[in-house]
Amino acid sequence: IATAYTVFRVFENKYYMAGASVGRDLLSPMYSPCIGGECTSHAKFIFTFQWWQVSPAILALVLPFGFRATCYYYRKAYYRSFWFSPPACAVADAHKSYSGERRLPLVLNNIHRYFFYLLLIYNVLLTIDAVEGFRMGTGWGLSVGSLVLALNAALLWGYSLSCHACRHACGGSVNHFSKHPVRYKLWQKVTILNGRHMQFAWASLIWVTLSDLYVRLVASGAIHDARFF
């Protein structure tokens, strides 16, 4: 369902910015960073591509898609579901030989660490979007939409920082933790998060979809973004 909705939204190419017309500053995470024509206030963070006539979500989702497609947790899921390698614990592998991740397409999984570093920039932009979501017209306040975007950014940070690549960046290639006390402390904290990586993966994926749906409903005028103060 989430995949079908994402494909629909990528090519719908509208209702991704609830701006001045509704007294809000809410940007869909599927269209962030904002490079489309609907984005005016957010253009101060990133330039717009007026020459790009296709949906800007195609460009905006390249990094998140690459990061999730090469994620260690998602690898386990599609290895079992599509490659049957192995289908389940204590079940024989469906392949006669094992080549690891040295051939296409699985060799592309080795670029996961690079997607991780690039995605940190993406998370910063989504955090900025979340802060902007607290802007109500000419002032600041709290609404359902601002909470939705704030939780979205928090879950994506949790998913990124609980990543195995992040854990390796903190404590990998260290022979003696006693000589690297700062990295050891970071590794300990990230290891706790890493134990919840699966939960962060699904929660963040579902919440990105729900966040986009909420922004779409507000931008299209289907609902009003309720303000607390």
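Numbering starts at 1 and runs along the sequence shown. Please read all numbers here as calculations on a predicted model, not as lab measurements.
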Tell me if a side-chain donor or acceptor on [X] pairs with a main-chain N or O of [Y] at a distance below 3.5 Å.
X: Arg75; Y: Ala69; result: no
X: Arg183; Y: Cys170; result: yes
X: Asp25; Y: Gly19; result: no
X: Arg227; Y: Phe229; result: yes
X: Thr209; Y: Leu205; result: yes
X: Arg9; Y: Lys14; result: yes

Could you check if a side-chain atom of [X] sits within less than 4.5 angstrom of a side-chain atom of [Y], using non-hydrogen atoms only?
X: Leu210; Y: Trp207; answer: yes
X: Asn152; Y: Leu156; answer: yes
X: His197; Y: Cys163; answer: yes
X: Pro29; Y: Asp129; answer: no
X: Val215; Y: Tyr15; answer: no

Distance in Å, [X] [atom1] paired with [Y] [atom2], rounded so as to fall on 0.5 Å steps:
X: His180; Y: Ser173; atom1: NE2; atom2: OG; result: 10.0 Å
X: Ser162; Y: Leu193; atom1: OG; atom2: CG; result: 6.0 Å
X: Arg113; Y: Cys166; atom1: CZ; atom2: SG; result: 13.5 Å
X: Leu149; Y: Ile128; atom1: CG; atom2: CD1; result: 13.5 Å
X: Asp212; Y: Leu26; atom1: CG; atom2: CG; result: 12.0 Å
X: Ser211; Y: Leu27; atom1: OG; atom2: CG; result: 11.0 Å

From CA spacing to verdict: side-chain contact (heavy atoms from CB on, under 4.5 Å), Phe228, Leu147
CA-CA 11 Å; Phe228 298 109; Leu147 290 178; 3.7 Å; yes
In the single-linkage hydrophobic clustering (I, L, V, M, F, W, Y; side-chain heavy atoms under 4.5 Å), do [X] and [Y] co-cluster?
X: Phe134; Y: Leu126; result: yes
X: Val62; Y: Ile111; result: no
X: Val174; Y: Val182; result: no
X: Leu155; Y: Trp202; result: yes
X: Phe116; Y: Leu186; result: no

Donor-acceptor pair between [X] and [Y] side chains, under 3.5 angstrom:
X: Asn109; Y: Thr70; value: no
X: Asp225; Y: Ser143; value: yes
X: Arg68; Y: Ser204; value: yes

Count the heavy atoms of every other residue, nucleotide or ligand shown that sit under 6.0 Å from OH of Tyr5, and state whether that count exceeds 12.
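Count over threshold, so yes.
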Would you say Trp140 has more than 12 foreign heavy atoms packed within less than 6.0 Å of its CH2?
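Yes, the 6.0 Å shell around CH2 holds more than 12 heavy atoms from other groups.
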Which of parallel (below 30°), tilted (30 to 60°) and perpendicular (above 60°) describes Tyr72 and His164?
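Geometry flag for His164 against Tyr72: tilted rings.
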Taking the six-membered ring for Trp, are Trp187 and Tyr184 parallel (under 30°), tilted (30 to 60°) or perpendicular (over 60°)?
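Rings of Trp187 and Tyr184: parallel, under 30°.
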Closest non-hydrogen atom pair between [X] and [Y], with its separation:
X: Val124; Y: Trp157; answer: N-CZ2, 3.9 Å
X: Ala201; Y: Tyr73; answer: CB-CD2, 4.1 Å
X: His112; Y: Cys71; answer: CE1-CA, 3.4 Å
X: Gly195; Y: Gln199; answer: O-OE1, 4.1 Å
X: Ser146; Y: Gly133; answer: CB-O, 3.2 Å

Centre-to-centre under 6.0 Å for Tyr31 and Tyr16, is that the case here?
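Yes, the ring centres sit under 6.0 Å apart.
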Show your working on side-chain contact (heavy atoms from CB on, under 4.5 Å) between Leu61 and Thr6 and close with a plain yes or no.
CA-CA 10 Å; Leu61 291 177; Thr6 300; 4.2 Å; yes
Passing candidate, ring pair (Phe, Tyr, Trp, His ring centres under 6.0 Å) with Phe67, options Tyr117, Tyr159, Tyr114, Tyr122
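So, applying the ring pair (Phe, Tyr, Trp, His ring centres under 6.0 Å) to Phe67 and each of Tyr117, Tyr159, Tyr114, Tyr122, only Tyr159 qualifies.
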Before you tell me yes or no, could you show the steps for Val144 and Val148 under side-chain contact (heavy atoms from CB on, under 4.5 Å), namely the whole-Å CA-CA distance, both residues' side-chain angles and the distance that decides it to 0.1 Å?
CA-CA 6 Å; Val144 174; Val148 167; 4.2 Å; yes
